[in-house]
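Here is the structure we will look at, set down as structure tokens.
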Amino acid sequence: MDVWLASYQGASEHGGFLHTRRVSQRLQVSAAVKEVTGSLVKGAGLRFGVVVGRFNEIITKPLLAGALDAFYKHQVREEDIDVTWVPGSFEIPVVAQQLAMSKKYHAILCIGAVVRGATTHYDAVANSAASGIMSASLKSNVPCIFGVLTTENMEQAIDRAGGKAGNKGAEAAITALEMASLIQHHLVD
């Protein structure tokens with residue numbers, strides 16, 4: 001099996017900008033090596049919990065809409081998705097952990113928005129949300145997906161909630177689907 005790897009080598013300065021050169025190389029993987037990935041076409045039968053922060057709901061509502069749309073496009077049924085609202089991103093991890101520990105879900109999608117310009121405690125909230133979501137995932141052995149936007153300003157958040165940069169809620173739902181599929185179809189005995 002041939003796998004292409006891209007790496008970046010060397011650096012040069014041109015016009016005040018640092019440039020790197022992309023180098024592709026072929027990696028030979030033995031046929032004896034087992035490779036597994038999650039499927040994006042096996043969404044049927046998988047259950048998802050979604051935890052959404054209400055703070056900055058002008059951002060989190062479109063993120064949720066994008067996530068739900070992505071789930072539906074990948075054959076996840078409405079009745080296999082439960083949405084729980086919490087006050088903000090800081091509160092997401094405790095509820096994500098409770099949902100994950102219930103063993104009713106194949107993955108938990110965590111959606112929130114932390115905007116530096118909107119709060120003086122941005123770093124504390126963003127770091128607590130990230131580490132708490134990871135901790136919930138590790139304690140429960142259920143993938144808890146980080147779909148919390150952390151942006152410098154509201155414009156960046158809007159761009160990532162269905163604007164110029166797409167919908168990161170949809171991207172996080174795809175990650176949840178792939179991780180749930182990987183664990184359910186390939187890693188669970």
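We're numbering straight along the sequence, starting at 1.
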message: Other residues, nucleotides and ligands only: do more than 12 of their heavy atoms fall within 6.0 Å of CZ on Phe90?
response: no

task: Measure the CG-OH distance between Asn127 and Tyr122 for me, rounded to the nearest 0.5 Å.
output: 8.5 Å

field: Polar side-chain atom of Thr151 near backbone of Gln156 as donor-acceptor pair, under 3.5 Å
entry: no

field: Reference residue Arg47; test side-chain contact (heavy atoms from CB on, under 4.5 Å); the match among His106, Arg77, Glu79, Gln184
entry: His106

query: Roughly how far, to the nearest 0.5 Å, is the CD1 atom of Ile92 from the CZ atom of Phe55?
result: 12.5 Å

message: If I take atom CE from residue Met134 and atom SG from residue Cys110, how far apart are they, to the nearest 0.5 angstrom?
response: 11.0 Å

task: Working to the nearest 0.5 Å, report the span between CD1 of Ile183 and CG of Leu46.
output: 11.0 Å

- request: For Ser89 and Gly53, indicate whether the former's side chain and the latter's backbone hold a donor-acceptor pair under 3.5 Å.
  value: no

Atom pair CZ (Phe71) and CG (Leu177), whose distance is rounded to the nearest 0.5 Å: 7.0 Å

task: Rounded to the nearest 0.5 Å, what's the gap from CD1 on Ile174 to CD1 on Ile145? Could you check?
output: 11.5 Å

message: Using a 3.5 Å distance criterion without hydrogens, assess whether the side chain of Ser135 forms a donor-acceptor pair with backbone atoms of Ser131.
response: no

field: Exceeds 12 heavy-atom contacts within 6.0 angstrom, atom CD1 of Ile58
entry: no

field: Flag, side chain of Asn167 to backbone of Pro62, donor-acceptor distance under 3.5 Å
entry: yes

field: Glu178 backbone acceptor or donor facing Ser181 side chain under 3.5 Å
entry: no

message: Closer than 3.5 angstrom, by distance alone: can the side chain of Lys103 be matched with the main-chain N or O of Ser140 as a donor-acceptor pair?
response: yes

Polar side-chain atom of Asp69 near backbone of Ala65 as donor-acceptor pair, under 3.5 Å: no

message: One thing to verify: whether Lys104 and Asp82 come together as a salt bridge, which I'm taking to mean a side-chain N less than 4.0 angstrom from a carboxylate O.
response: no

Flag if over 12 foreign heavy atoms under 6.0 Å of NZ, Lys164: no

- request: For Glu171 and Lys168, run salt bridge (Lys or Arg N to Asp or Glu O under 4.0 Å): C-alpha distance rounded to whole Å, both residues' side-chain angles, the deciding distance at 0.1 Å, then the answer.
  value: CA-CA 5 Å; Glu171 290 178 21; Lys168 301 302 179 184; 3.3 Å; yes

query: Between Asn56 and Ala113, is there a donor-acceptor pair closer than 3.5 Å when you use the side chain of the first and the backbone of the second?
result: yes

